[in-house]
Peer 1: 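Structure in structure tokens, see below.
Just follow the structure's listing: the first ligand is 1, and inside any ligand the first atom is 1. Heads up: numbering here begins at 1 and tracks the sequence.
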Amino acid sequence: MEHVTRIVIIGGGPGGYEAALVAAQLGAQVTVVEQDGPGGACVLTDCVPSKTLIATSVRKQALLDASSLGVHYSGGADGDVGGVTADMPLVNKRVRELAQAQSGDVAARLAAEGVEVIRATGRLVDPQVVRAGDRTIRADVVIVATGAHPRVLPGAEPDGERILSWRQLYDLQELPEHLIVVGSGVTGAEFAGAYQSLGSEVTLVSSRDRMMPNEDADAAEVLEEVYRRRGMNVMGRSRAASVKRTDKGVVVTLEDGRTAEGTHCLMTVGMVPNTSGIGLEDNGVRLDRGGFIEVDKVSRTSAPGVYAAGDCTGVLMLASVAAMQGRIAVWHALGEAVQPMRLATVASTIFTDPEIAAVGVSQRQIEAGEIEANVVKLPLATNARAKMQGFNDGFVKLFCRPNTGIVLGGVVVAPRASELILAVSLAVQHRLTVDQFAHTFAVYPSLSGSITEAARRLMSPQTAGI
Ligand SMILES: Cc1cc2nc3c(=O)[nH]c(=O)nc-3n(C[C@H](O)[C@H](O)[C@H](O)COP(=O)(O)OP(=O)(O)OC[C@H]3O[C@@H](n4cnc5c(N)ncnc54)[C@H](O)[C@@H]3O)c2cc1C
């Protein structure tokens with residue numbers, strides 16, 4: 001009788017459920033053990049809810065900006081848009097319902113593919129045995145995809161009312177009057193911008209010189225300028241030491257003794273992997289110093305037959321990367337042809353307004369001499385479509401190899417940059433040259449016209465920097 005491979009996956013986020021779908025399609029018998037709900041934190045509390053909230057904030061910001069295009073509102077003129085408000089109970093209800101519906105879609109898809117889902121906390125009792133509630137399941141292959149949770153700063157513990165983690169935001173019944181966001185990485189920057197557009201006064205507390213210190217410096221600079229212009233108080237070089245409640249709200253005390261007062265505080269100071277207390281190290285699964293599971297490029301851990309995918313590995317904390325790691329684990333485990341993970345081709349977006357999308361190498365790598373590349377940066381302010389639509393902030397940046405002209409990466413800062421970056425991703429993935437890119441038609445007028453224009457400029461090395 002043919003042996004059917006038995007796969008047990010701990011965690012039902014994108015790392016887990018995408019692995020499950022591929023495994024089921026390849027004929028394996030699959031069980032997903034998930035403690036919260038199909039879709040995991042990605043769908044229920046993190047990526048999906050935040051992007052839903054941001055859809056509202058971007059729409060509201062567009063209304064606020066529309067007066068420059070000649071749109072006025074009844075009861076107001078000359079930019080008086082006082083009538084535009086966000087109905088937060090409704091906004092948050094929509095966010096929560098959409099997340100539940102998305103989780104329902106994931107559940108339906110898993111069921112349709114014959115994947116068993118057990119609602120329980122799973123733990124390894126042996127590299128090939130998983131305990132889930134009162135069930136003990138033997139497996140040929142185990143995939144750990146348990147994700148991560150918000151890091152808590154001692155002295156700034158969330159209380160769910162005034163001091164909040166991003167997972168508690170959607171229970172608020174009103175818009176924070178003055179929101180202090182502690183942490184200016186991607187998550188902090190996204191929420192700070194969103195709440196500002198929704199109508200809160202926002203203070204962003206950043207421990208570093210500038211916000212989003214790990215992202216493209218030019219992009220971060222554009223965003224900081226936009227945020228300040230819209231009225232945000234961006235406090236650089238300000239490390240929070242504690243956050244306490246007051247009669248009226250919260251007070252954030254910085255390490256240098258300064259304080260900032262607001263009505264609410266959102267903590268966005270990183271993620272901690274969900275890897276303790278589930279039998280990993282006891283069964284030979286090696287963790288790094290941060291508690292992340294060590295994996296190779298085909299998602300293998302140090303324990304034979306045990307793979308890991310997603311945020312619990314800390315490789316790149318993105319849903320798309322989690323999903324790809326999960327699929328790669330299955331392909332490898334089932335002996336299918338598999339391409340190891342290539343991080344140099346990963347596209348990502350920061351869903352601020354404007355959005356920041358990037359793929360491939362970074363300017364920092366080029367400036368550090370790790371990679372030799374030519375660079376062109378075109379401001380959107382010179383793009384005809386951007387002018388028509390009233391956008392001045394943003395740019396397109398493209399990197400290519402000096403001699404061959406092979407496209408190595410790019411950065412787009414623009415409304416819907418998340419959609420525009422696909423063209424650059426294709427070029428990077430398929431090693432297209434700037435010459436091939438430049439001969440590709442872009443619509444006139446369009447923002448993507450700036451991408452082909454950047455490629456044209458890179459065809460003549462004298463116009464390219466670095
Ligand atoms: C605010 C925010 C916004 C984001 N926005 C984006 C974005 O726009 N684009 C993007 O690509 N990425 C985004 N991310 C990152 C993205 O959410 C993660 O990379 C993604 O969720 C990782 O998927 P995962 O499968 O590893 O884990 P998760 O989605 O965290 O799922 C893991 C699941 O496993 C469960 N679990 C944990 N331990 C156990 C156990 N022992 N037994 C059973 N179940 C267990 C957890 O409860 C959870 O439900 C965002 C993250 C945050 C915080």
Peer 1: Tell me the protein heavy atom at minimum distance from atom 27 (O) of ligand 1, and give that distance in Å.
Peer 2: Gly147 CA, 3.4 Å
Peer 1: Does an N or O anywhere in Met271 fall below 3.5 Å from an N or O of ligand 1?
Peer 2: no
Peer 1: Going by distance only, is there an N or O of Gly39 that falls short of 3.5 Å from an N or O of ligand 1?
Peer 2: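 The answer is no, given that Gly39 and ligand 1 share no N or O pair closer than 3.5 Å.
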Peer 1: So which protein heavy atom does atom 14 (N) of ligand 1 come closest to, and at what separation?
Peer 2: Cys47 CB, 4.0 Å
Peer 1: What's the shortest distance from atom 44 (N) of ligand 1 to any protein heavy atom, and which residue and atom give it?
Peer 2: Gln35 N, 3.2 Å
Peer 1: Phe351 to ligand 1: N or O pair under 3.5 Å?
Peer 2: no
Peer 1: What protein heavy atom is closest to atom 35 (C) of ligand 1, reported as residue, atom name and distance in Å?
Peer 2: Glu34 OE1, 3.4 Å
Peer 1: Mark the output for Gly37 as yes if a heavy-atom distance to ligand 1 is under 4.0 Å, and as no if none is.
Peer 2: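 Checking ligand 1 against Gly37, which is what was asked, there is no heavy-atom contact under 4.0 Å.
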Peer 1: Which of these, Ala145, Ser348, Ala148, has its nearest heavy atom closest to atom 32 (C) of ligand 1?
Peer 2: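 It is Ala145 whose heavy atom sits nearest to atom 32 (C) of ligand 1.
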Peer 1: Please write down residue, atom name and distance for the protein heavy atom closest to atom 5 (N) of ligand 1.
Peer 2: Lys51 NZ, 2.9 Å
Peer 1: Donor-acceptor pair, distance only, cut-off 3.5 Å: does the side chain of Asp311 make one with the backbone of Gly314?
Peer 2: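 No.
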Peer 1: At a 4.0 Å threshold, what atoms of ligand 1 neighbour a non-hydrogen atom of Ile278?
Peer 2: 41 (N)
Peer 1: Quick one: which of Gly13, Ala132, Cys312 has a heavy atom closest to atom 31 (O) of ligand 1?
Peer 2: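 Answer by nearest heavy atom: Gly13.
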Peer 1: Using a 4.0 Å cut-off to any heavy atom of Ala120, which atoms of ligand 1 qualify?
Peer 2: 42 (N), 43 (C)
Peer 1: Do me a favour and list the nearest non-hydrogen protein atom to atom 28 (P) of ligand 1 with residue, atom name and distance?
Peer 2: Ala41 N, 3.8 Å
Peer 1: Hey, is ligand 1 close enough to Asp36 that some N/O pair sits below 3.5 Å?
Peer 2: yes
Peer 1: What protein heavy atom lies closest to atom 26 (O) of ligand 1? Include the residue and the distance to one decimal.
Peer 2: Asp311 N, 2.8 Å
Peer 1: Can you tell me the protein heavy atom closest to atom 41 (N) of ligand 1 and the distance?
Peer 2: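 Answer, as residue, atom name and distance: Gly122 O, 2.9 Å.
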